[in-house]
Chemist: 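Handing you this structure, nothing more for now.
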Amino acid sequence: ESADDTVEKLDAFTKFVSRQSLTKFLARAEVFQKQLEINGSIIEVGVHRGTSFMTWAHLSSIFEPVNYLRKIIGFDTFEGFVGISDKDSTGKSEHLKLGGFNAGKASREELLDAIELYDSNRLMGHIEKCELIRGDASLEIPNYLKLNPHLLVSLLHLDADLYDPTAAALKYFLPRMPKGAVILFDELNLDSFPGETLALLESMDVNSKAIKRFPFATSMSYLTV
């Protein structure tokens, strides 16, 4: 109901956005800073509407405008959940079903438009920085690595919620993460989506890692490789 036009509302976004949304943005910004000096690209498994994906993109263009080697690469079906494994079955979320968290057919197209605008407003915008991989991450991740054998990963953001894509991401990307790289979790230790925790427990010895969280945030947690 504000008299401001859309651009004015976006410029004054803190006037309208919720505390929870700002909290998530601040936590992501802190995580980004932790991997800033690590060589590699940022991988997000579970893009949904692109909120965190575009956060990584903007932060990279602000803090490291000439780092054309760091790509922002997102994996998502863009159709919601396409399969629920037995290891997800005890989850208590109402979204734990086929098609869960489907952001709608326009979400990918809107995100591609946003990336085009983003490229027009950054240094070295002629060099591709953002990439969206559509499909089941369990299948698309190994296919992507066959085409991109050079890839290193500085930040792995796991927000697929489910066991299979999370397990695939850890299996294929973890060996490509140098010391100091960061894994960010969205549903760890969360009974709504147990698959993320189970995938982590099968991929590494958590006794050897400090899994940290921010005191001001809720479900997000991270570890440094």
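Predicted, not measured: the structure shown is a model, and the values here were computed from it. Just the heavy atoms: all of them, side chains too, but no hydrogens, waters or symmetry mates, feed the values below.
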Chemist: Set out, in order, the CA-CA distance, both residues' side-chain angles and the distance that settles side-chain contact (heavy atoms from CB on, under 4.5 Å) for Lys24 and Thr55, then state yes or no.
Modeler: CA-CA 10 Å; Lys24 291 178 181 178; Thr55 299; over 6 Å; no
Chemist: Evaluate the criterion side-chain contact (heavy atoms from CB on, under 4.5 Å) for residue pair Asn102 and Thr77; output intermediate values, then yes/no.
Modeler: CA-CA 9 Å; Asn102 186 346; Thr77 65; over 6 Å; no
Chemist: Taking His58's backbone N and O only, do any of them form a donor-acceptor pair with Ser61's side chain (distance below 3.5 Å, no angle check)?
Modeler: yes
Chemist: Is there a donor-acceptor pair closer than 3.5 Å between any side-chain N or O of Arg213 and the backbone N or O of Thr218?
Modeler: yes
Chemist: Is there a donor-acceptor contact under 3.5 Å from the side chain of Asp88 to the main chain of Ser85?
Modeler: yes
Chemist: Step by step, work out the side-chain contact (heavy atoms from CB on, under 4.5 Å) result for Gln33 and Leu36.
Modeler: CA-CA 5 Å; Gln33 292 283 2; Leu36 184 58; 3.5 Å; yes
Chemist: Test Ile183 against every option in Met204, Lys209, Gln35 by the side chain to side chain contact (heavy atoms under 4.5 Å, CB included) rule and name the one that passes.
Modeler: Met204
Chemist: Keeping Arg108 on the side-chain end and Glu79 on the backbone end, is there a donor-acceptor pair under 3.5 Å?
Modeler: no
Chemist: Transitive ILVMFWY cluster of Leu69 at side-chain heavy atoms under 4.5 Å: who else is in it?
Modeler: Val66, Tyr68, Leu123, Met124, Ile127
Chemist: Taking the basic N atoms (NZ, or NE/NH1/NH2) and the acidic carboxylate oxygens, is any pair closer than 4.0 Å for Arg70 and Glu64?
Modeler: yes
Chemist: Examine Tyr172 together with Tyr144 and report whether their ring centres are nearer than 6.0 Å.
Modeler: no
Chemist: At their closest point, which heavy atom of Pro175 faces which heavy atom of Leu170, and how far apart are they?
Modeler: CD-O, 4.0 Å
Chemist: Given the rule in the side-chain hydrogen bond (donor to acceptor under 3.5 Å, both in side chains) test, do Thr224 and Lys34 qualify, once you have shown the distances and angles that lead to the verdict?
Modeler: CA-CA 9 Å; Thr224 302; Lys34 293 180 183 300; over 6 Å; no
Chemist: Run the salt bridge (charged side-chain N to carboxylate O under 4.0 Å, His left out) test on Glu30 and Lys212 for me, step by step, so that the C-alpha distance in whole Å, both residues' side-chain angles and the decisive distance to 0.1 Å come before the verdict.
Modeler: CA-CA 12 Å; Glu30 293 246 8; Lys212 299 181 180 180; over 6 Å; no
Chemist: I need the single residue from Ile211, Asn189, Leu158 that forms a side chain to side chain contact (heavy atoms under 4.5 Å, CB included) with Leu200. Which is it?
Modeler: Ile211
Chemist: Can a donor-acceptor pair be found, under 3.5 Å and without considering hydrogens, that links the side chain of Tyr118 to the backbone of Ala57?
Modeler: yes
Chemist: Given the rule that I, L, V, M, F, W and Y join up when any side-chain heavy atoms are under 4.5 Å apart, are Phe32 and Ile72 in one cluster?
Modeler: yes
Chemist: Parallel under 30°, tilted from 30 to 60°, perpendicular over 60°: which one fits the rings of Phe101 and His95?
Modeler: parallel
